[in-house]
Protein chains: 2
Amino acid sequence: MFEARLTEVQGLVQSALDATLATRPDTPLTAAMRYACQGGKRLRAFLVLEGAALYGIPATAALPAAAAVEALHAYSLVHDDMPCMDNDDLRRGLPTVHVKWDEATAVLAGDALQTLAFELCCAPVLGAADRRINLVAALAKASGGEGMVHGQALDIAAETAGRPLTIDEITALQAGKTGALIGFAAEAGAILAGADRAPLRAYADALGLAFQIADDILDVTGNEAATGKRVGKDAEAGKATFVSLLGLDGACTRAAELVAEAEAALEPFGATADNLRAAARFVIARQT
Amino acid sequence: MFEARLTEVQGLVQSALDATLATRPDTPLTAAMRYACQGGKRLRAFLVLEGAALYGIPATAALPAAAAVEALHAYSLVHDDMPCMDNDDLRRGLPTVHVKWDEATAVLAGDALQTLAFELCCAPVLGAADRRINLVAALAKASGGEGMVHGQALDIAAETAGRPLTIDEITALQAGKTGALIGFAAEAGAILAGADRAPLRAYADALGLAFQIADDILDVTGNEAATGKRVGKDAEAGKATFVSLLGLDGACTRAAELVAEAEAALEPFGATADNLRAAARFVIARQT
């Protein structure tokens, strides 16, 4: 059920992004944007659509918000992969944008994908203007200098800090870098419905941290063919991770606890939230 | 009158940006964002506030939109100055962000300034939600892959095209690179007022092109101390500009014609638009 739904979401989101970009000028910039928007798990889009479904909002009416969070995520990956940042030449098994084109195109494609995310949040189908402006504000809060970009900057600063991070520091870093956008995705349905965001926020907080712990575990246990990116690079760089701080067993235990927390937060929604519960379990079981 | 008002706008916008950034985490990222938001002519902010004034909207109620367009402009400069783009080490007489910090900080500070621009457009003081969402949509349209970033990408492609651009190509390039955001700034008042955007759009189209022609003229006639940036670099790079295509006299004549067009477009507003008329004349008379 969960995996069938995730596959369905992947198709919906890809179509939405392709349709938007199909109207753009036929340039290398547009080609690079399209390339950066291919593939991926679409977990964030899934969270948007399933969160919206809890409030009776159909997928068609929430789809631009789901596409927005994936465009935003894609921009962050394009910039993160650049030589001055993580310097990755492989992403989802394919050359990264700055490798396939050049660094200038990577900067500009990332910039334009961020803009596209905000543009998508304006789509009238998402509902009344007050809901849409709340969505824009929440996306800005989650992704900007107090959210995701703040986390990325802390991550880069950590590499030159000359000492390993504490567990509190790495938790704060990841809350920004990964947690904030996951949190936005999970809450988007409540925003579009004009409902209380607290239950989905609690779910998202636990899920976001579990997601990052799972990423750290995968960096140790994963293989390059399955993940489509270089593995072992955190240890190589001497970076503190949840695995280096808690040990592999400790990290797995903590991730499992967080998944239980995430599932518990969905209690008010009963069985309608089963896909979101399955998503939480998927996050720590995934191989990519 | 015009210059006193421009100085006043500079103070208002700087305070608004400083106030927003004062609440941010005390990190190099925030410091770089603040640094990138210092100074500048604030012509775009002036256009927002004066455009709003035509419809009786006070500066306090339009200020976040003025700050937004300056944050957006600042982001574009930070990224544009990077080594993989224009590779400038001087901006407004000071070291550029990637020189003062590093390239990673420049990428992230630019990214976060773009986000900040959209966040500022959500400020409740700007008015009803439908006006604010229209503002967000217009800013996205003007600044993204069909507007400013599209123009920047065309500019970079032109450098490796192996032939000089035609006058039509360079006009299209500049309409995106400079014109789109100037156009947004000029129209913002009409958007906030829920009024017909056509008169300010006609003004903005002429003004934006005049602005870019003036920039090309300054690159030939300006001096580094006054402009605070390297001059002569277009000729050095063998780039086609309005001056290389029309000659210096021809470019000056075309700019003056466009200013007359811009002034004519303001006729419906009578004397209340005098500051905007003065702004159009300023654009081609400026030394920086």
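Below, chains carry the letters A, B, ... as their sequence lines are ordered, and counting in each starts from 1. Any value given below was found using the heavy atoms of this structure, including those in side chains, with hydrogens, waters and symmetry copies removed.
One finds the CZ atom of A:F118 at 10.0 Å from the OG atom of B:S143 (value rounded to the nearest 0.5 Å). Within the model, atoms CG of B:N134 and SG of A:C122 stand 8.5 Å from one another, a figure rounded to the nearest 0.5 Å. To the nearest 0.5 Å, atom CD1 of residue B:I133 and atom CG of residue A:L135 are 8.0 Å apart. Rounding to the nearest 0.5 Å gives a distance of 8.0 Å between NE2 of B:H150 and CG of A:L29.
For the set B:L120, B:D130, B:V136, the count of heavy-atom pairs under 4.5 angstrom toward chain A peaks at B:V136. Across A:K141, A:R132, A:E146, A:E119, the residue that shares the most heavy-atom pairs under 4.5 angstrom with chain B is A:E146. Chain B forms more heavy-atom pairs under 4.5 Å with one residue of A:Q152, A:M85, A:Q114 than with any other, namely A:Q114. Ranked by non-hydrogen atom pairs under 4.5 Å with chain B, the options A:M148, A:R131, A:H79, A:M82 are led by A:H79. Your options are A:A117, A:A112, A:G145, and the one with the most heavy-atom pairs under 4.5 Å with chain B is A:G145.
Below 4.5 Å, heavy atoms of chain B meet heavy atoms from A:E103, A:A104, A:V107, A:L108, A:D111, all part of residues 98-111 of chain A. Near-neighbour residues of residues 176-191 of chain A relative to chain B, defined by a heavy atom under 4.5 Å from a heavy atom of that chain, are none.
Proximity to chain A is absent for every atom of B:T30, based on heavy atoms less than 4.5 angstrom apart.
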